[in-house]
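So the structure is just underneath, and the comments pick up after that.
By convention in this document, chain letters (A, B, ...) are assigned in the order of the sequence lines, proteins followed by strands, and residues within each chain are numbered from 1.
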Number of protein chains: 2
Amino acid sequence: MAPDSPVNAPYHHGDLRASALQMGMERLESQEQPDLGLRALARDLGVSATALYRHFPNKDALLDALALEGLTRLGAHQAAAAAQAGGGRDGFAEVGVTYVKWAVENPALLRLIYNRVGQVDLATDDPSAMGEAFYQLRAGIAATMPDEMSRDQRAAAALHAWSLVHGLAMLILDGQVAYDPAMVRKVVLMTDFSAG
Amino acid sequence: MAPDSPVNAPYHHGDLRASALQMGMERLESQEQPDLGLRALARDLGVSATALYRHFPNKDALLDALALEGLTRLGAHQAAAAAQAGGGRDGFAEVGVTYVKWAVENPALLRLIYNRVGQVDLATDDPSAMGEAFYQLRAGIAATMPDEMSRDQRAAAALHAWSLVHGLAMLILDGQVAYDPAMVRKVVLMTDFSAG
DNA sequence: CAGTCAATGATAACAGTGTCAACATAACTC
DNA sequence: GAGTTATGTTGACACTGTTATCATTGACTG
């Protein structure tokens, strides 16, 4: 009855919004570059380009939705990895390796996430969701930090870890360095949390 | 006489190629996103869009040329920073801070560099120049590595350093974390080259 | 159950893009 | 000075995101 539920699917033709997001997601997963075209997407959906405008105000909104979905997946993925891997250096290394692996397996999606989410006006576009998703990501990365650190130290260490794995992932995605899990592990382990 | 010299300027109207690159560079330096439009650029140059096709086979080639120029500047910048900063941890930190600072000051250019150069077919598009420029960059970053390392250790350490500063720069450019030089230094110093 | 209306979709059009073919003009060469 | 080559322009094509307008369909109301 109340149509304000976020997930109420069946409209009169199909559930275009969901279909569009799903199709867009598949496209992103099977592509290298996140060059999703609104018209091309609509074409693949067997629908007219302008039909998408009934569900998204513009292309950016569509991409934002996809980026949010991707960020949610990445955040959950990292949180799970952090939960499974124990603490200590090994756990930290494993979480980092997981991040890079996910990035390599979802290049276009990772690019979309960082290209869009940071620019989103959090005041107007579902701030809690965006904040939550990125919080999950940061928490997953920071979960393996040593406990005996001060708050500032933990913040710096988390930023160090995030920068390290993200930068490594970007270098790999940009073709600057080949993907080698062993090398990733070695590079990630070269971090000294007692310093700083 | 011999027109095979790479730098022979005066053509019959002006030196469009150089003007285009210069204008494009200015555009990139004053913008956040590297969304250079071929037609828009030509318009600003007071020239017809297709005129640029006498100097570049297509838009990608133009962007590649700009990316190469940017990479050369970045490489020189890093090499200079590495030469000025002494060795040791302080020198290393200074080179890293310099990288991030340059990125913050040239966001569109840095994005263009990494978006394009990695995808360039090095076999067909001036391989030596591309290789040289990136070699300069890597050398600048790796110059402050401890000497007593093995070759593999040095490679891993250089990749670690590069990933770290590049990732941090990207997070800042994407608006994920605010730019704070002190924080950058702190984060960069959290690297332990004796590990791994 | 009939009728109204809002939600959803399609068409046509506009401005903008990168790119090509054809044409024009200036510069350089002999 | 004539001819060839290099450079620049115009017009067009396919494509894109977007809007205005029209069509249809489902859902709710009486």
Side-chain angles (χ1 to χ4, degrees), chain A residues 1-24 27-28 31 33-67 108 112 115-116 119-120 124-125, chain B residues 1-24 27-28 31 33-67 108 112 115-116 119-120 124-125:
Chain A
M1 293 186 174
D4 57 283
S5 170
V7 193
N8 58 343
Y11 287 150
H12 91 279
H13 234 159
D15 189 344
L16 185 55
R17 179 183 163 97
S19 300
L21 289 180
Q22 183 180 345
M23 174 75 86
R27 279 300 190 95
L28 286 177
Q31 281 184 358
Q33 302 294 344
D35 60 343
L36 264 205
L38 195 147
R39 280 182 121 108
L41 186 75
R43 209 176 303 133
D44 287 356
L45 285 167
V47 86
S48 211
T50 55
L52 295 173
Y53 282 82
R54 300 297 140 143
H55 304 273
F56 306 93
N58 51 31
K59 182 186 177 183
D60 278 356
L62 205 175
L63 294 182
D64 283 344
L66 287 170
L112 187 71
N115 278 336
R116 307 235 117 244
Q119 302 167 3
V120 165
T124 67
D125 198 343
Chain B
M1 306 232 169
D4 58 282
S5 171
V7 193
N8 57 344
Y11 288 150
H12 89 279
H13 235 163
D15 189 343
L16 185 54
R17 179 182 164 97
S19 300
L21 289 180
Q22 182 179 346
M23 175 75 85
R27 279 299 189 95
L28 286 176
Q31 281 184 0
Q33 300 295 343
D35 61 341
L36 264 204
L38 196 147
R39 282 181 119 109
L41 187 75
R43 207 176 303 133
D44 287 356
L45 285 166
V47 86
S48 210
T50 54
L52 296 173
Y53 282 81
R54 300 297 141 141
H55 304 272
F56 305 93
N58 51 30
K59 183 187 178 183
D60 277 357
L62 206 176
L63 293 183
D64 283 344
L66 287 171
L112 186 71
N115 279 336
R116 307 235 117 245
Q119 303 166 4
V120 165
T124 66
D125 198 344

Minimum heavy-atom distance [X]-[Y], with the two atoms named:
X: Ala20(B); Y: Leu52(B); value: CB-CD2, 3.8 Å
X: His55(B); Y: Arg17(B); value: O-NH1, 3.3 Å
X: Gln33(A); Y: Ala108(A); value: C-CB, 4.0 Å
X: Tyr53(A); Y: Asn58(A); value: CE2-CA, 4.0 Å
X: Leu66(A); Y: Leu21(A); value: CD2-O, 3.3 Å

Quick one: [X] [atom1] to [N] [atom2], roughly how many Å, whole number?
X: Leu52(A); N: dT18(D); atom1: CG; atom2: P; value: 11 Å
X: Leu41(A); N: dT16(D); atom1: CG; atom2: P; value: 11 Å
X: Asp60(A); N: dT16(D); atom1: CG; atom2: C1'; value: 14 Å
X: Leu62(B); N: dT19(C); atom1: CG; atom2: C1'; value: 14 Å
X: Phe56(B); N: dG18(C); atom1: CZ; atom2: P; value: 14 Å
X: Asp35(A); N: dG17(D); atom1: CG; atom2: P; value: 10 Å
X: Leu38(A); N: dT19(D); atom1: CG; atom2: P; value: 11 Å
X: Arg17(A); N: dG9(C); atom1: CZ; atom2: C1'; value: 17 Å

Using OP1 and OP2 only, check whether a side-chain N or O of [X] sits under 4.0 Å from [N].
X: His55(A); N: dG9(C); result: yes
X: Arg43(B); N: dT17(C); result: yes
X: Tyr53(B); N: dC20(C); result: no

| Side chain of Lys59(B) - closest among dT16(D), dG18(C), dG9(C) | dG18(C)
| note | Ranking dT9(D), dT11(C), dT16(D) by distance to the side chain of Ser48(A), first place goes to dT11(C)
| said: On DNA chain C, compare the nucleotides closest to Gly46(A) and Pro57(B); which residue's is nearer the 5' end? | reply: Gly46(A)
| What about Thr50(A), does its side chain sit under 3.5 Å from the base of dT19(D) through a donor-acceptor pair? | no
| field | Side-chain donor/acceptor of Arg54(B) to base of dT5(D), under 3.5 Å | value | no
| task | For Ala51(B), report the nucleic acid contact type (base, sugar-phosphate, nothing); a contact means any heavy atom under 4.0 Å. | result | base
